[in-house]
Every structure is written in C-alpha cells, then in structure tokens.
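Heads up: the structure comes next, in structure tokens.
Below, each value reflects all heavy atoms present in this structure, side chains not excepted, and no hydrogens, waters or symmetry copies.
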Amino acid sequence: MRAAVVTAFGGPDVIETRDVPAPEPAAGQVLVEVGVADVIFVETAIRRGQHGEFFDVRVPYVTGSNLGGRVRAVGPDVPADWIGKTVVGRGVAFGAHAELALTTTDLVEVPPELDLRTAVAVYGDGFTALMLEELAPPMAGQDVLITASAGGMGLLLIQLAHKAGAHVIAAARGDEKLELSRAQGADVLIDYSKPGWEKLVLEATNGQGPGIVFEGAGGELGAAAFSVVKDGGWISAHGAPSGSFAPYDAAEVERRGLTVKGIMDLRADSTTTSVTGAAVIARAAAGDLKPVIGQVYDLDHVADAHRALENRRLRGKALIEVSR
C-alpha cells in the first residue's frame, strides 16, 4: 500500500510517499481503508523531532493522526459488524496518511447527514475544542480572547464562545484570517502581527483584560496573551505554532490568581473528561461545530501541507484525501 513516511527527523522534504506493507489488525484493533485524514500543526513539530516528552515517535513512521474511511477488517476480539461501516477515528501510533491504517475500537460511525471530509475535519480539533469548553468557566457574558483564531481549532472555539454568549475577541495575522474569524462569530478583530496588539485587547475589555483566554499561538504571542488576562482569570496554553508553548512565571500566576491549563490537560489519555468522539460528531451533526476546510491535499503532497502549516498560509483546516 502507499503511505506518506517520515524517513528522518527534519524539514518537510523528509516526507516521502512509499509502498509499505499493509498492516494487520491485532486484538482491539480495526483496519480502515482511509478516505480522508487530517493534518495538524503539532505534526510538523513532531516531524522535526520536537515534543518527544509528549509523543513517543521514532523514525521511520507514517504521518497523520485522525482519519475517516470504511472498515475493511477487525482484530480477533472486535465485533465483525464494524466491517463495511464508514467511521472516523485515530490512527495507532499516527499512521493515518496511508491507504490502509490501524485504529483502536474507539471509533465513531459517520451519520448520513455528515460527509466524510466534514467528519474528519471536526473530529480531532472538535475533541480538543470541547475539552477546552468543558475545562473553561462558563463563557456567557465573558470577554473571551482566542489567539490563532483562524486555525482549524481557533475557528471552532469562536463558534463555541459565540454560541455561549461571550464577547469574542479574535487575534490572528492579517485581514483575511481576521475576516474569516468574523464570519464565525468574532466581535472584535485584532491583528497580532502589529506591535502593541495586546493594548487593543485591553481597550476592547474596558481595561480589565479578558476573563478567559484560549491561547493557541505560543511563544511571544502567548506571553503577551498572559500579560492581558484579567487577574483571577482562566487561560489555556495549548498551542505552539510559534515554536513553543506560551511561557509564564508560576509565581506570577499564583500572585494574580490565574488558572492555567496546558497541553497535558488536553490529552484524553491523561485527563478525566466527559468528551467523547461520539459527542464531537453529534455536535457537528447538530450544527454546533462547523469546521472550515481551507485546503485539501492528496497523498503525494503531504509535505506541501506541512509547508503550508509552517508558513502560516492556511486558513482553517487542512485535509489529506487519500482515496476518492
């Protein structure tokens, strides 16, 4: 079968489309004929050899995490009635950017009212967005700042905050991304590529600062977001497209009475959460989560998807179409 393989840690050129042996499902596993898979920013960092403390990945490996397609076969202890169903799930040790991929039995059948692209686009980011919604204080009437607002998850967070009745402040880079954020329900648009952008956040909150911050940018942008969150406020430092998660001083956090949630608070394998994949798909089917698909690549151009993510060219979600 054909698959996109990271041959060594490094730049996007280390990704090669190769013929590799087809996997066989073991106990507790399901083999899926992949139709569509997603690609997220953290995968570009893992490809460079970063975040080893969070992800145990060794080269060579097949890229891609979340996928959708038709179940071809199941492991010996998995009900055979999964075979033939169209599902979304998460690849085992990545592996989604391939014609065939293994998943666990934590699958969700795609309802007829959702097309496969939409289901895959919402599955991973939607899971994280709903975990953030669960962790955060009630958003109704709150000033909510969302950085990296035009990314796949940022746009979903705007939708959730808007539906909850928040005053939504979207921060992104450039007019096009900000207008996309407005279309999802943002009330205030701030270009954080311009110096002093955090002062505009304070102006938009009558000098108080936002009570809730969904910080998806990381690095210096994330540090600036920390500086404006209201004393006693809540902030998630979950994004690192700037190269690192937002730095913060633990003593200052304690002094200001802030509640901080990090990447480990958003890992279902290390966090108690009521969010399930089925809940994500149900919310999407109900219209509560509407992913914005910015670009679709084929299996031979996974490296181009990584480049677009790293160069900040994407608006919304990037997908890999493996088979039609």
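Here the side chain of Ser323 pairs a donor or acceptor atom with the backbone of Val34 at under 3.5 angstrom. A donor-acceptor pair is defined here as one N or O able to donate and one able to accept, closer than 3.5 Å; no such pair exists between the side chain of Asn311 and the backbone of Arg313. Of the possible polar contacts, none joining the Arg72 side chain to the Arg70 backbone as a donor-acceptor pair under 3.5 Å is found. Formation of a donor-acceptor pair under 3.5 Å by the Arg90 side chain with backbone atoms of Gly124 is not found in this model. Looking only at distances, no side-chain donor or acceptor of Ser149 sits under 3.5 Å from a matching main-chain atom of Leu155. With hydrogens and angles ignored, the 3.5 Å screen pairs a side-chain donor or acceptor of Gln29 with a backbone N or O of Ala26. A donor-acceptor contact shorter than 3.5 Å is absent between the side chain of Glu215 and the backbone of Thr147. Gln159 places a side-chain N or O within donor-acceptor distance of the main-chain N or O of Lys290, the cut-off being under 3.5 Å.
In plain terms, the two heavy atoms of Gly126 and Leu289 that are nearest each other are CA-CD1, 4.4 Å. Residues Pro137 and Trp234 share a closest heavy-atom pair of CD-CG, 3.5 Å.
Taking 4.0 Å as the cut-off between side-chain N and carboxylate O, Lys163 and Glu133 do not count as a salt-bridged pair. A salt bridge links Asp300 with Arg2: the distance from a Lys NZ or Arg NE/NH1/NH2 to an Asp or Glu carboxylate oxygen falls below 4.0 Å. In this structure, Asp38 does not pair ionically with Arg117, as no charged nitrogen and carboxylate oxygen lie closer than 4.0 Å. The pair Arg315-Glu179 fails the salt-bridge criterion, with no side-chain N (NZ, NE, NH1 or NH2) lying under 4.0 Å from an Asp/Glu carboxylate O.
If you check the side chains of Thr44 and His306, you find no donor sitting under 3.5 Å from an acceptor. Between the side chains of Thr128 and Asp125, no donor-acceptor pair of N or O atoms lies under 3.5 Å. Looking only at atom types and distance, the side chain of Asp106 has no donor-acceptor partner in the side chain of Thr104 under 3.5 Å away.
Classification of the Phe9-Tyr61 ring pair by plane angle, with boundaries at 30° and 60°, yields tilted.
At a threshold of 4.5 Å between non-hydrogen side-chain atoms, the residues Arg256 and Val229 count as touching.
Heavy-atom contacts from other residues, nucleotides or ligands closer than 6.0 Å to CG of Asn206 number 12 or fewer. Within a 6.0 Å sphere centred on CD of Glu176, heavy atoms belonging to other residues, nucleotides or ligands number 12 at most. More than 12 heavy atoms of other residues, nucleotides or ligands sit less than 6.0 Å from atom CZ of Phe94. Around CD of Glu113, the count of heavy atoms belonging to other residues, nucleotides or ligands within 6.0 Å exceeds 12.
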Stepwise, does the side-chain contact (heavy atoms from CB on, under 4.5 Å) test hold for Val5 with Thr63? CA-CA 6 Å; Val5 179; Thr63 60; over 6 Å; no
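Judged by a 6.0 Å distance limit and a 45° cone about the ring axis, Lys194 is not positioned over the six-membered ring of Trp197.
Under the 4.5 Å side-chain heavy-atom criterion for Ile, Leu, Val, Met, Phe, Trp and Tyr, Leu102 and Val36 are members of distinct hydrophobic clusters.
No option in Thr205, Asp143, Asp187 other than Asp143 meets the side-chain hydrogen bond (donor to acceptor under 3.5 Å, both in side chains) test with His167.
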